[in-house]
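Have a look at the structure below before the remarks.
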Protein chains: 2
Amino acid sequence: MSLKHALLGFLNYGPHTGYELKKVFDISVSHFWSAELSQIYPSLKALETEGLVEMKVEVQADRPNRKVYSITDDGRRELIDWLGTPAGPDQIREPLLVKLFFAASGGRAHVLTVLRRRADDLRLRLEGYRHGLALVDRYSGAAKLDREAPFWRLTIEYGISHTEANLRFIEESMGLLDMMDETAFVSSPAEHAGMPTRERVEILDMLKKAVMAAHESGSPLIPARLHTN
Amino acid sequence: MSLKHALLGFLNYGPHTGYELKKVFDISVSHFWSAELSQIYPSLKALETEGLVEMKVEVQADRPNRKVYSITDDGRRELIDWLGTPAGPDQIREPLLVKLFFAASGGRAHVLTVLRRRADDLRLRLEGYRHGLALVDRYSGAAKLDREAPFWRLTIEYGISHTEANLRFIEESMGLLDMMDETAFVSSPAEHAGMPTRERVEILDMLKKAVMAAHESGSPLIPARLHTN
DNA sequence: TCCAACATGTAACCGGTTACATGATTCA
DNA sequence: TGAATCATGTAACCGGTTACATGTTGGA
């Protein structure tokens, strides 16, 4: 669980309503953490009963009333505490890549189409990010957030570097596919169905262990199952 | 939902048990999709009742019996069908980055320590991947998986490019932090608490819209809410 | 002797998403 | 007129994780 802590993090910058927090989420940490209003509201309520935040109703005549939340001393302590614990592992789910992996059954032309579409999408996203960077630079002074601005920039730059990596990867894949001969894309795989799957899996298992061994040879950076997130 | 389809994808390469599928998952698509045994077993059962896979018990004397699953014609149809639908959006959660974003409250030294640890971890991971690549090249012939090998390589290369991007980003961040003056890390933020949060959020909102406008200006690549995953 | 690998599962929990509900105001 | 913004929520659902349960064999 981490949304609560992220909320505390934002409230530590100043009081906000749930509605506002959603916006702040969307333009800052959204590249690596997202949240829906339907999750934010109950979380704020929970934080309140835990005494980590306080709420004041702000009556408005023209618009719906607002519930402005601010962090308490207990909340600030909890935040600092959380910042001190090691972070949990990344969780990544990319359906497109999964499909790509199985797309051999779909024919080369089809795979290439999917990849090309993705590349276009990524290029567009990049444009958006670059635009965002320029805007942050231009307006950070006006919004009196020159202190947070560098961090804000960082998150966008994170988005950029990842999108670029993705794009490069996709372009490389297209190159590879171009070089492969069409036979790799026969729509009916399982031609080696006759040979025992056991053996193949065993070799794969060996591979896995070898890779993991290399990975774990270092010091235990994040003590397993100790991450409170 | 996608695990079921991923399982179908693997079973399309040949019959497997749940236990084996877990391994295959771990060394192939694990960079962008993971699964636990406790999720795989029920999913296979569900697929069976849906008639998309068949199961045969393989009695073993020395070891526990195995339940070998194979894909049916219906299953193959379902797989092809799924491959044809547009993929859902990526889901990414990186707790470390969230912490980093709020770590300004923790002091520069602390932030740098966290970053350095992460960088070390990433470098180790890279080593592991590179090792894995070499192994795939060396053993793919022996395992009679020369047809799948290029796809296997691709997934590892995906891991590499992303890890490298991450590493670059972290190194840049450290550079930036070095250049920032210590005042940005005062442990008590909310110094601008006096100024109305409203206005700041409004400007941020403007930023967001501008970025999104740039992002959405293109063609509607993935028709919203039509992705069955 | 003790741990890892083999092999299959169940039950409880939980974070998060989707859909639904409400209602005023403002702008195109 | 109708969509978007402001503003807050509830309820159902669901995919996925953690913990627990069981029992054998082979190697360090």
Side-chain angles (χ1 to χ4, degrees), chain A residues 1-7 16-23 25-26 30 33-46 48 55-69 88-89 91-93 95 98 198 201-202 205-206 208-209 212-213 216 224-229, chain B residues 1-7 16-23 25-26 30 33-46 48 55 57-69 88-89 91-93 95 98 198 201-202 205-206 208-209 212-213 224-229:
Chain A
M1 177 297 266
S2 185
L3 173 72
K4 279 187 189 172
H5 292 106
L7 292 174
H16 292 273
T17 70
Y19 195 80
E20 282 173 350
L21 284 165
K22 163 72 172 159
K23 285 186 183 176
F25 247 93
D26 284 351
S30 68
W33 204 281
S34 60
E36 296 299 323
L37 276 172
S38 59
Q39 199 195 349
I40 291 174
Y41 286 126
S43 298
L44 285 172
K45 208 173 258 182
E48 200 194 358
M55 188 267 284
K56 269 180 198 160
V57 178
E58 213 174 81
V59 184
Q60 296 188 137
D62 48 341
R63 298 183 203 176
N65 293 346
R66 303 151 37 88
K67 296 190 174 177
V68 183
Y69 290 86
Q91 300 164 237
I92 294 170
R93 311 230 150 208
V98 177
R198 291 290 289 265
V201 172
E202 258 164 51
D205 197 37
M206 219 192 57
K208 179 187 163 189
K209 269 174 217 151
M212 302 233 298
E216 274 162 28
R225 74 190 59 252
L226 216 151
H227 47 78
T228 330
N229 237 11
Chain B
M1 175 297 268
S2 185
L3 173 71
K4 280 188 189 171
H5 291 107
L7 292 174
H16 292 274
T17 70
Y19 196 78
E20 283 173 351
L21 284 165
K22 163 71 172 159
K23 285 186 182 178
F25 247 94
D26 284 351
S30 68
W33 203 281
S34 59
E36 297 298 324
L37 276 172
S38 58
Q39 200 196 349
I40 291 174
Y41 286 126
S43 298
L44 284 172
K45 209 174 257 180
E48 200 194 357
M55 186 267 285
V57 178
E58 212 175 81
V59 184
Q60 294 188 139
D62 48 339
R63 297 182 203 177
N65 293 346
R66 302 150 39 88
K67 295 190 174 177
V68 183
Y69 290 86
Q91 299 166 237
I92 295 171
R93 311 231 150 208
V98 177
R198 290 291 290 263
V201 172
E202 258 164 51
D205 198 37
M206 221 191 55
K208 179 188 164 190
K209 268 174 218 152
M212 302 232 298
R225 76 189 58 251
L226 214 150
H227 48 77
T228 331
N229 237 13

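The analysis underlying the following values was restricted to heavy atoms, covering all of them including side chains, and did not include hydrogens, waters or symmetry mates. Below, chains carry the letters A, B, ... as their sequence lines are ordered, and counting in each starts from 1.
Donor-acceptor pairing under 3.5 Å, judged by distance alone, is present between the side chain of A/S38 and the base of C/dT18.
A heavy-atom distance below 4.5 Å is found between the side chains of A/F25 and A/L7. Using a 4.5 Å cut-off on side-chain heavy atoms (C-beta onward), B/N65 and B/K67 make no contact.
Using a 4.0 Å heavy-atom distance criterion, B/K22 is classed as making no nucleic acid contact.
The interatomic distance linking A/L37 (CG) with C/dC20 (C1') rounds to 14 Å, in whole Å. Atom C1' of nucleotide D/dT18 and atom CD of B/E36 are separated by 9 Å, given to the nearest angstrom. C/dG16 atom P lies 12 Å from atom NE2 of A/H5, rounded to whole Å. We find that CZ of B/R63 is positioned 8 Å from P of D/dG26, with the value rounded to whole Å. As rounded to whole Å, 16 Å separates atom P of C/dG15 from atom CD of B/Q91. Rounded to a whole Å, the CG atom of B/D62 is 7 Å from the P atom of D/dG26. Counting to the nearest Å, the C1' atom of C/dA24 and the OH atom of A/Y19 are 13 Å from each other. Between B/I40 atom CD1 and C/dG9 atom P the separation is 12 Å, expressed in whole Å.
For A/K45, taking side-chain heavy atoms from C-beta onward, the closest of the listed nucleotides C/dA7, D/dA7, D/dG9 is D/dG9. Among the nucleotides C/dC6, D/dC6, D/dA7, the one closest to the side chain of A/R66 is D/dA7. Comparing D/dT8, C/dG9, D/dT18 by their closest approach to the side chain of B/Y69 singles out C/dG9. The side chain of B/K67 sits closest to C/dG9 out of C/dG16, C/dC6, C/dG9.
Comparing A/A61 and B/E20 by the nucleotide of DNA chain C whose heavy atom lies nearest to each, the residue mapping closer to the 5' end is B/E20. Both A/N65 and A/R93 lie near DNA chain D, and the one whose nearest nucleotide falls closer to the 5' end is A/N65. Nearest-nucleotide positions on DNA chain C place B/Y41 closer to the 5' end than the other of A/Q39 and B/Y41.
OP1 and OP2 of C/dG15 both lie 4.0 Å or more from every side-chain N or O belonging to A/K4. Taking 4.0 angstrom as the limit, B/Q60 places a side-chain polar atom (N or O) nearer than this to OP1 or OP2 of C/dA7.
Here the OH atom belonging to B/Y41 is positioned 12.0 Å from the CD atom belonging to B/E36, to the nearest 0.5 angstrom. Once rounded to the nearest 0.5 Å, the distance linking NZ of B/K23 with NE2 of B/H16 reads 12.0 Å. Between atom NZ of residue B/K4 and atom CD1 of residue B/I40 there is a gap of 14.0 Å, rounded to the nearest 0.5 Å.
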